[in-house]
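Note sheet for the following structure.
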Number of protein chains: 2
Amino acid sequence: MFRVYSKGCEYGIRALSALTELDCKDGFSIETVCRRTRLPVWFTRKVFQKLVRQNVLFAKCGPGGGYYFKKNPEDISFLDLIQAVDGNVFQKCILGKAKCRRSQSCPIHSTWEKIKKVLMSELRSVSVKQLMESRNRVLHVS
Amino acid sequence: MFRVYSKGCEYGIRALSALTELDCKDGFSIETVCRRTRLPVWFTRKVFQKLVRQNVLFAKCGPGGGYYFKKNPEDISFLDLIQAVDGNVFQKCILGKAKCRRSQSCPIHSTWEKIKKVLMSELRSVSVKQLMESRNRVLHVS
DNA sequence: TCAAAAATGGATAAAAAAGTCCATTATTGA
DNA sequence: TCAATAATGGACTTTTTTATCCATTTTTGA
């Protein structure tokens, strides 16, 4: 039951990873993305709604509308994506202690702080742009 | 929705962390541990049952019975505990890809492998004995 | 030997997460 | 202006996880 992020977040990541340069420029509709990735449309829609609220994407209604990046895909990290969809999940104490600070900390506070630091910095080091590129590369190879 | 381990696993960790030297020698009952930690008895029981099946603890029925460590608490790591309760959770692909191997891997395979390595080695570096000690230290200080 | 103590495994209930649907709103272009 | 397109937010359903309960089994010692 180890999870870095929710299912919804996973879909968001997979959806955005499947975008092309052109999509980034001209925008993309849910239908297009979900057809390409075989993700469930209705659920992915919910995730995109969150990304809009969190200023990662912006949405344009009406014919020819769709979603557009609000920031450059280079400047959106994997961590940004997780936090936009799931919230500030990395702050909580790993042992569920309500007030886990340096004094009065849980038995593995310092270990966990160390792990978290690595985890977050690695997640920050991957951009949506990179996700897109490596996905497209994989598709070409296979 | 970030979780390193299940709720049950969390309870197991908290329960075992609350044991004393004497408990390790003479065994301990669910009631004793749960009174001390204010954990729900019935649920913690289920977790202990798993730990028994996974050879972390062994159980003795009847009056004066209870649970005993099957291995030395020094030799049980945090990681062992997680895997005993939750199974082999760290093997799965972070993006939910069924077959994520070096060739045909998901876009963040290598990043994730790196994070996982640190995560697992840190979790392996903490023993149940240490958890017990630091918990007891905290209790004395506060 | 039998009542009490302690664990077991299966059944069920409650809560949370995941997934679906729909009526509504916004926008476009014919 | 209005029909069609595309997103929105809320309501609802299903599935998974968490939590509880109980009848049964094992063991002890009076």
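Below, read A as the first sequence line, B as the second, and so on, with proteins coming before strands; counting in each chain starts at 1.
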Closest to the [X] side chain: [options]?
{"X": "Met1(B)", "options": "dT20(C), dT8(D), dA17(C)", "value": "dA17(C)"}
{"X": "Phe43(A)", "options": "dG19(C), dG9(D), dA7(C)", "value": "dG19(C)"}
{"X": "Lys7(B)", "options": "dG9(D), dT18(D), dT27(D)", "value": "dT18(D)"}

If the threshold is 4.0 Å, N to carboxylate O, is there a salt bridge linking [X] and [Y]?
{"X": "Lys117(B)", "Y": "Glu122(B)", "value": "no"}
{"X": "Arg36(B)", "Y": "Glu31(B)", "value": "no"}
{"X": "Arg14(A)", "Y": "Glu10(A)", "value": "yes"}

Mind checking Val52(B) for me? I need base, sugar-phosphate or nothing, with any heavy atom below 4.0 Å counting as a touch.
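Sugar-phosphate, backbone atoms only, no base.
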Under 4.0 Å between any heavy atoms, over every strand shown, what does Tyr67(B) touch: base, sugar-phosphate, or nothing? Just pick one.
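Contact class for Tyr67(B): sugar-phosphate only.
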Tell me the interatomic distance from [X], atom [atom1], to [N], atom [atom2], rounded to whole angstroms.
{"X": "Ile30(B)", "N": "dT8(C)", "atom1": "CD1", "atom2": "C1'", "value": "12 Å"}
{"X": "Gln49(A)", "N": "dA7(D)", "atom1": "CD", "atom2": "P", "value": "10 Å"}
{"X": "Phe2(A)", "N": "dT17(D)", "atom1": "CZ", "atom2": "P", "value": "15 Å"}
{"X": "Lys50(B)", "N": "dA19(D)", "atom1": "NZ", "atom2": "P", "value": "12 Å"}
{"X": "Glu31(B)", "N": "dT8(C)", "atom1": "CD", "atom2": "P", "value": "12 Å"}
{"X": "Tyr68(A)", "N": "dA26(C)", "atom1": "OH", "atom2": "C1'", "value": "14 Å"}
{"X": "Lys60(B)", "N": "dT28(D)", "atom1": "NZ", "atom2": "C1'", "value": "8 Å"}
{"X": "Leu51(B)", "N": "dG9(C)", "atom1": "CG", "atom2": "C1'", "value": "16 Å"}

Could you walk me through whether Phe43(B) and Tyr11(B) satisfy the ring-ring contact (aromatic ring centres under 6.0 Å, His included) test, starting with their C-alpha distance in whole Å, then the side-chain angles of each, then the deciding distance to 0.1 Å, before giving a yes or no?
CA-CA 8 Å; Phe43(B) 197 63; Tyr11(B) 291 171; 5.4 Å; yes
Could you say whether Pro63(A) or Tyr5(A) is positioned toward the 5' end of DNA chain C, judged by the nucleotide with the nearest heavy atom to each?
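Result of the comparison: Tyr5(A).
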Taking only heavy atoms on the protein side, list every residue of residues 8-27 of chain B lying under 4.0 Å from any atom of DNA chain D, sorted numerically.
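Close to the strand are Tyr11(B).
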So which one's nearest nucleotide on DNA chain D is more toward 5', Gly66(A) or Cys61(B)?
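It is Gly66(A), whose closest nucleotide lies nearer the 5' terminus.
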Closest-nucleotide mapping onto DNA chain D: is Gly62(B) or Arg3(B) further toward the 5' terminus? I mean the 5' end.
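It is Arg3(B), whose closest nucleotide lies nearer the 5' terminus.
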As a quick check of understanding, evaluate side chain to side chain contact (heavy atoms under 4.5 Å, CB included) for Trp42(B) and Ile30(B), giving each step before the final call.
CA-CA 9 Å; Trp42(B) 290 102; Ile30(B) 282 279; over 6 Å; no
For Gln130(B), what residues pass the side chain to side chain contact (heavy atoms under 4.5 Å, CB included) criterion, not counting sequence neighbours?
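In terms of side chain to side chain contact (heavy atoms under 4.5 Å, CB included), with neighbours along the sequence ignored, Gln130(B) is linked to Val126(B), Ser127(B).
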Residue pair [X] / [Y], side-chain heavy-atom distance below 4.5 Å:
{"X": "Phe90(A)", "Y": "Leu123(A)", "result": "yes"}
{"X": "Asn88(A)", "Y": "Gln83(A)", "result": "yes"}
{"X": "Val33(B)", "Y": "Tyr67(B)", "result": "no"}

Pairs under 3.5 angstrom, nitrogen or oxygen only, protein versus nucleotides 21-24 of chain C, please.
none

Can you label the angle between the Phe69(A) ring and the Phe28(A) ring as parallel, tilted or perpendicular, going by 30° and 60°?
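The arrangement is tilted - the two ring planes meet at 30° to 60°.
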